[in-house]
Amino acid sequence: MITIADIKNDEEVKAIMSIAESQIEALGFTEHSVRHSSIVSKWAGDILEGVGGSPHRVELTRIAGYLHDIGNSVNREDHAQSGALLAYKILTRMKMKYIDAAEIMMAIGNHDESQGLPVSDITAALIIADKADVHKSRVRKNITRLNTDGLNIHDRVNLAAEKSMVYVDREKDEIVLNILIDTEKCPVMDYFEIYFKRMQLSRKAADFLGKRFALIINNVRLL
């Protein structure tokens, strides 16, 4: 079986991810590099494991999480679809079983809130993990010193996010996203302005996994 370690060590993957991040940086978006991919990979796998996914499905989910943004190497527009096709090509070249590569392709193709839907357990876990990663470390270092009033809303929200974590609460039958926001840098309402549609998709994804989605910001439950 192809593992997440194999993916991370593959030279083609490294090259495509490097190009993807260079384009995202040139466009002025928040970080989408190995840091983001690694976090999404871990969280997505942890989510599926937490809801009872098999070790095989969990490993496929970790791979989908790591590769989910490689379509940014082509263009930011429709990056989920282009990334899905790139991932399938890479995985089959690495001799992954066609059905497993197709599962990952489907998950990546559905991870973005503009067109995606939770159509499998892997897809659902990937969606939640991707939307959960809001954090100040995603803001470009060359702009973190600026007054927050001069930043766009995405940078402002991420810069204010001191901590974020997502986990499965088996006792409450919930998937919980817990965020700590510095409200001196931006109001909580700014978070909802850009993340509301993403939270709606995360709720659908949790429903697909048979769980409720819970959002906690600054120790206050909002969903």
Side-chain angles (χ1 to χ4, degrees), residues 2-10 12-25 27 29-49 53 57-94 96 100-135 137-138 154 158 164 166 175 177 195 197-199 201-202 204-206 208-209:
I2 304 298
T3 67
I4 183 61
D6 296 323
I7 300 301
K8 290 182 177 181
N9 289 324
D10 185 78
E12 184 181 10
V13 170
K14 290 178 183 178
I16 290 176
M17 289 186 69
S18 175
I19 290 297
E21 178 57 10
S22 69
Q23 179 161 203
I24 286 296
E25 184 174 8
L27 293 171
F29 286 95
T30 50
E31 175 270 335
H32 284 70
S33 67
V34 170
R35 175 216 158 273
H36 173 64
S37 296
S38 297
I39 288 174
V40 172
S41 173
K42 182 182 185 307
W43 283 356
D46 289 350
I47 289 168
L48 198 63
E49 186 175 43
R57 301 290 289 181
V58 169
E59 193 70 7
L60 294 181
T61 304
R62 295 198 194 281
I63 292 170
Y66 194 74
L67 297 177
H68 79 282
D69 271 339
I70 62 172
N72 286 316
S73 63
V74 180
N75 196 292
R76 179 62 183 172
E77 191 74 19
D78 295 327
H79 74 283
Q81 286 71 41
S82 57
L85 297 175
L86 277 171
Y88 185 81
K89 175 182 177 295
I90 291 168
L91 295 170
T92 53
R93 187 261 300 166
M94 295 177 71
M96 178 178 279
D100 289 344
E103 286 270 16
I104 291 172
M105 177 179 65
M106 181 171 66
I108 293 174
N110 277 280
H111 84 268
D112 191 69
E113 66 275 7
S114 62
Q115 297 172 313
L117 288 170
V119 291
S120 71
D121 53 349
I122 296 173
T123 311
L126 172 57
I127 286 170
I128 297 169
D130 181 40
K131 308 317 168 195
D133 186 25
V134 51
H135 192 263
S137 62
R138 298 194 69 185
H154 289 85
N158 276 278
S164 62
V166 63
I175 298 174
L177 172 56
Y195 278 89
K197 189 173 181 180
R198 302 177 196 186
M199 293 302 96
L201 184 58
S202 294
K204 290 179 182 178
F208 189 96
L209 295 171

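This one's a predicted model, so the numbers in the text were calculated from it and none came from an experiment.
- Between A101 and L91, the shortest heavy-atom distance links the atoms CB-CB, 4.0 Å.
- In this structure, I16 CD1 and K14 NZ are separated by 13.5 Å, a value rounded to the nearest 0.5 Å.
- Within the 4.5 Å cutoff, side-chain heavy atoms of L48 are placed close to those of D121.
- Here the closest heavy-atom approach between residue S37 and residue M17 is recorded as OG-CE, 3.4 Å.
- Distance check, rounded to the nearest 0.5 Å: CG of L201 to CD1 of I127 gives 4.0 Å.
- Closest approach of D130 and V40 over heavy atoms only: CA-CG2, 3.8 Å.
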Please report the C-alpha distance between D69 and I24 in whole Å, then the side-chain angles of each, then the deciding distance to 0.1 Å, and finally whether the side chain to side chain contact (heavy atoms under 4.5 Å, CB included) criterion is met.
CA-CA 10 Å; D69 271 339; I24 286 296; over 6 Å; no
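- Side-chain contact check for H79 versus V74: every heavy-atom pair is 4.5 Å or farther apart.
- The neighbour count for K8 NZ, taken as heavy atoms of other residues, nucleotides or ligands under 6.0 Å away, is above 12.
- Closest approach of S120 to T123, counting heavy atoms only: OG-OG1, 2.6 Å.
- We find that R35 and D133 are joined by a salt bridge, their nearest charged nitrogen and carboxylate oxygen being less than 4.0 Å apart.
- Between the side chain of N158 and the main chain of H135, a donor-acceptor pair closer than 3.5 Å is present.
- Of all non-hydrogen atoms in A87 and L67, the two that sit nearest each other are CB-CD1, 4.1 Å.
- Counting heavy atoms from C-beta on, the side chains of H68 and H36 come closer than 4.5 Å.
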What do the steps show when you test M94 against E12 for side chain to side chain contact (heavy atoms under 4.5 Å, CB included), and what is the final call?
CA-CA 10 Å; M94 295 177 71; E12 184 181 10; over 6 Å; no
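- Once rounded to the nearest 0.5 Å, the distance linking CG of D112 with CZ of R198 reads 8.0 Å.
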Intermediate values then yes/no, side chain to side chain contact (heavy atoms under 4.5 Å, CB included), L27 and H32
CA-CA 12 Å; L27 293 171; H32 284 70; over 6 Å; no
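- The side-chain heavy atoms of I122 and M106, taken from C-beta on, include no pair separated by under 4.5 Å.
- Taken to the nearest 0.5 Å, the CD1 atom of I128 stands 4.0 Å off from the CD1 atom of I175.
- In this structure, R138 and H154 have side chains that are not in contact, with every pair of non-hydrogen atoms separated by 4.5 Å or more.
- Q23 places a side-chain N or O within donor-acceptor distance of the main-chain N or O of N72, the cut-off being under 3.5 Å.
- Side-chain atoms of D100 and I2, non-hydrogen and from C-beta on, never get closer than 4.5 Å to each other.
- Here the straight-line distance linking atom CD of Q81 with atom CG of L86 works out to 12.0 Å at 0.5 Å rounding.
- Of all the heavy atoms in E77 and N75, the pair that sits closest is N-OD1, 2.8 Å.
- A 4.5 Å side-chain heavy-atom check between M96 and D6 finds every atom pair outside the cut-off.
- Between the side chain of H111 and the backbone N or O of G109, no donor-acceptor pair lies under 3.5 Å.
- Looking at L177 and K131, their side chains never come closer than 4.5 Å, going by heavy atoms from C-beta outward.
- With N110 contributing its side chain and L117 its backbone, the two residues share a donor-acceptor pair below 3.5 Å.
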Side chain to side chain contact (heavy atoms under 4.5 Å, CB included) evaluation trace for T61 with E49
CA-CA 10 Å; T61 304; E49 186 175 43; over 6 Å; no
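- I63 contributes atom CD1, which lies 12.5 Å from atom CG of L126 (distance to the nearest 0.5 angstrom).
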